[in-house]
Amino acid sequence: MPDDPQAVGDYLRGLQQRIVAAVEAADGQACVRDAWQKAPEEPLQGSGLTCILEEGALFERAGCGFSQVRGPKLPPSATQHRPELAGAPFEAMGVSLVFHPRNPYVPTVHMNVRMLAALPAQGEPVCWFGGGMDLTPYYGFEEDAVHFHRACRDALAPFGEDKYPRFKTWCDEYFFLKHRSEQRGVGGIFFDDFAELGFERSFEMLRSVGDAFLPAYLPIVERRRAMPWGERERAFQLYRRGRYVEFNLVWDRGTHFGLQSGGRTESILLSMPPQASWAYRREPEPGTPEAALYSDFIVRREWL
């Protein structure tokens with residue numbers, strides 16, 4: 001195993017603890033903490049901690065999971081860009097979260113930071129990092145999108161001026177519902193298969209991204225959580241949540257990796273909203289805030 005995976009695991013567990021404590025403080029309700037261990041006969045071995053808050057005052061569902069697993073063979077979702085590693089044993093660890101707020105004016109958010117190491121029979125172990133964060137509003141606010149993107153840019157600034165533009169574009173291209181030709185939200189940053197700065201500096205970048213999450217998201221929550229809403233906003237929120245489900249089940253590599261490798265299904269699917277809806281060819285009326293989401297926010301644009 002290359003360099004110091006123990007340090008990565010220690011950081012990730014600490015990050016989960018900090019984020020969960022902040023969620024509990026914001027909501028006023030405690031998360032359920034579900035520690036798990038894979039059974040000896042299962043193909044994927046390892047353990048983790050799933051923390052989830054449901055039916056809270058602020059968050060209808062907020063899940064934040066840590067996992068550290070190893071398996072005999074990398075699944076196809078992990079080797080599509082590295083075919084030479086197909087079939088190699090691997091170890092993976094990461095923190096992944098999705099928060100679905102109750103108030104439709106508070107955006108849903110996703111964040112993930114992870115390390116994956118392939119251990120081919122011939123050759124040296126190969127280690128890389130991945131992750132990012134993205135914001136999915138139901139009602140768009142320019143200042144919220146700008147704040148979120150500024151936090152992402154500032155987290156990456158010490159690691160090269162090219163990182164934010166690269167990872168912002170990567171995020172726009174990744175969180176895209178190809179079957180609808182539609183962005184999932186206002187984006188953020190995303191990177192994968194990343195080791196170009198060497199282990200220590202790449203790990204430092206991962207920590208910077210992880211540490212930026214709470215300052216990127218919580219001020220938006222506090223700005224919007226008291227806004228009044230009614231049945232119209234709730235119906236639109238549930239309809240747009242349906243898009244979130246579509247992306248995670250059809251396109252998301254993290255979901256596919258977990259399911260293909262024999263991961264823990266309950267933890268993998270903690271990103272699912274508690275309620276969502278679908279309607280046939282629903283189109284918002286011109287000039288409404290719902291229409292503005294499509295025309296002004298879930299489009300590829302520069303926020304900074």
Side-chain angles (χ1 to χ4, degrees), residues 5-6 8-27 29-39 42-56 58-71 75 77-78 90-101 108-117 129-136 175 188 190 192 206-207 209-214 216-218 241 244-245 247-249 251-274:
Q6 182 62 46
V8 180
D10 290 345
Y11 168 75
L12 292 171
R13 281 185 286 268
L15 176 66
Q16 182 193 32
Q17 292 172 9
R18 284 185 281 134
I19 291 172
V20 168
V23 166
E24 292 175 329
D27 190 279
Q29 179 173 309
C31 290
V32 172
R33 288 164 170 79
D34 181 18
W36 52 268
Q37 180 92 29
K38 299 294 286 184
E42 295 191 49
L44 198 67
Q45 290 296 294
S47 61
L49 177 64
T50 299
C51 300
I52 189 156
L53 188 157
E54 295 186 291
E55 294 301 320
L58 173 60
F59 294 106
E60 197 169 359
R61 192 171 205 232
C64 181
F66 166 79
S67 63
Q68 184 169 4
V69 296
R70 59 192 179 278
S77 58
F90 71 94
E91 180 170 355
M93 62 184 81
V95 168
S96 183
L97 66 83
V98 176
F99 298 162
H100 291 290
T108 284
V109 73
H110 157 260
M111 193 274 290
N112 172 270
V113 282
R114 59 189 180 274
M115 185 195 82
L116 197 148
F129 296 91
M133 65 181 96
D134 69 292
L135 195 70
T136 305
F175 292 106
F190 178 80
D192 202 0
L206 187 86
R207 296 198 302 270
V209 170
D211 294 346
F213 170 71
L214 290 172
Y217 183 59
L218 286 184
R241 278 182 179 175
Y244 208 89
V245 172
F247 179 86
N248 278 20
L249 294 183
W251 299 109
D252 187 67
R253 281 179 65 192
T255 302
H256 296 170
F257 176 89
L259 297 177
Q260 290 171 358
S261 62
R264 188 170 184 265
T265 302
E266 283 294 303
S267 299
I268 296 163
L269 296 182
L270 62 75
S271 62
M272 293 296 106

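The first residue of the sequence shown is numbered 1, and numbering continues consecutively from there. These values consider heavy atoms only, across backbone and side chains, with no hydrogens, waters or symmetry-generated copies.
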Is the ring centre of H110 less than 6.0 Å from the ring centre of Y244? no
Check the angle between the aromatic planes of F99 and Y217 and answer parallel, tilted or perpendicular using the 30° and 60° thresholds. tilted
Could you tell me whether a side-chain N or O of D252 sits under 3.5 Å from a main-chain N or O of F247, the two making a donor and an acceptor? no
Full working for side-chain contact (heavy atoms from CB on, under 4.5 Å) between V98 and T108: CA-CA 7 Å; V98 176; T108 284; 4.2 Å; yes
Report the residues that fulfil salt bridge (Lys or Arg N to Asp or Glu O under 4.0 Å) with E60, sequence neighbours left out, ordered by chain and then residue number. R234, R241
For a quick test of reading the model, state the closest non-hydrogen atom pair linking A216 to M133 and the distance between them. CB-SD, 4.1 Å
Taking every non-hydrogen atom, the tightest pair across C31 and V23: SG-CG1, 4.5 Å
Side chain of Q37, backbone of G48: donor and acceptor closer than 3.5 Å? no
Checking the side chain of T255 only, and the main-chain atoms of N248 only, is there a donor and an acceptor separated by less than 3.5 Å? yes
For the student: nearest non-hydrogen atoms of Q16 and V95, plus distance: CB-CG2, 4.2 Å
With side-chain contact (heavy atoms from CB on, under 4.5 Å) as the test, would you mind laying out the steps for R207 and V113 before giving the verdict? CA-CA 8 Å; R207 296 198 302 270; V113 282; over 6 Å; no
Of the non-hydrogen atoms in L249 and H256, which two are nearest, and what is the gap between them? O-NE2, 3.4 Å
Considering only residues two or more places apart or on different chains, which pairs with a residue in residues 46-56 satisfy salt bridge (Lys or Arg N to Asp or Glu O under 4.0 Å)? E54-R61, E55-R102
Can any side-chain N or O of D27 pair as donor or acceptor with the backbone N or O of L58 at less than 3.5 Å? yes
Indicate the atoms forming the closest heavy-atom contact of E42 with Q45, along with that distance. O-NE2, 2.9 Å
For Y11, the ring-ring contact (aromatic ring centres under 6.0 Å, His included) test, sequence neighbours excluded, returns none
Where do I52 and D34 land on the side-chain contact (heavy atoms from CB on, under 4.5 Å) test, with the steps shown first? CA-CA 8 Å; I52 189 156; D34 181 18; over 6 Å; no
Can you tell which of Q68, R18, M93 makes a side-chain contact (heavy atoms from CB on, under 4.5 Å) with R13? Q68
Minimal heavy-atom distance between W36 and S67, with the atoms involved, is CZ2-CB, 3.7 Å
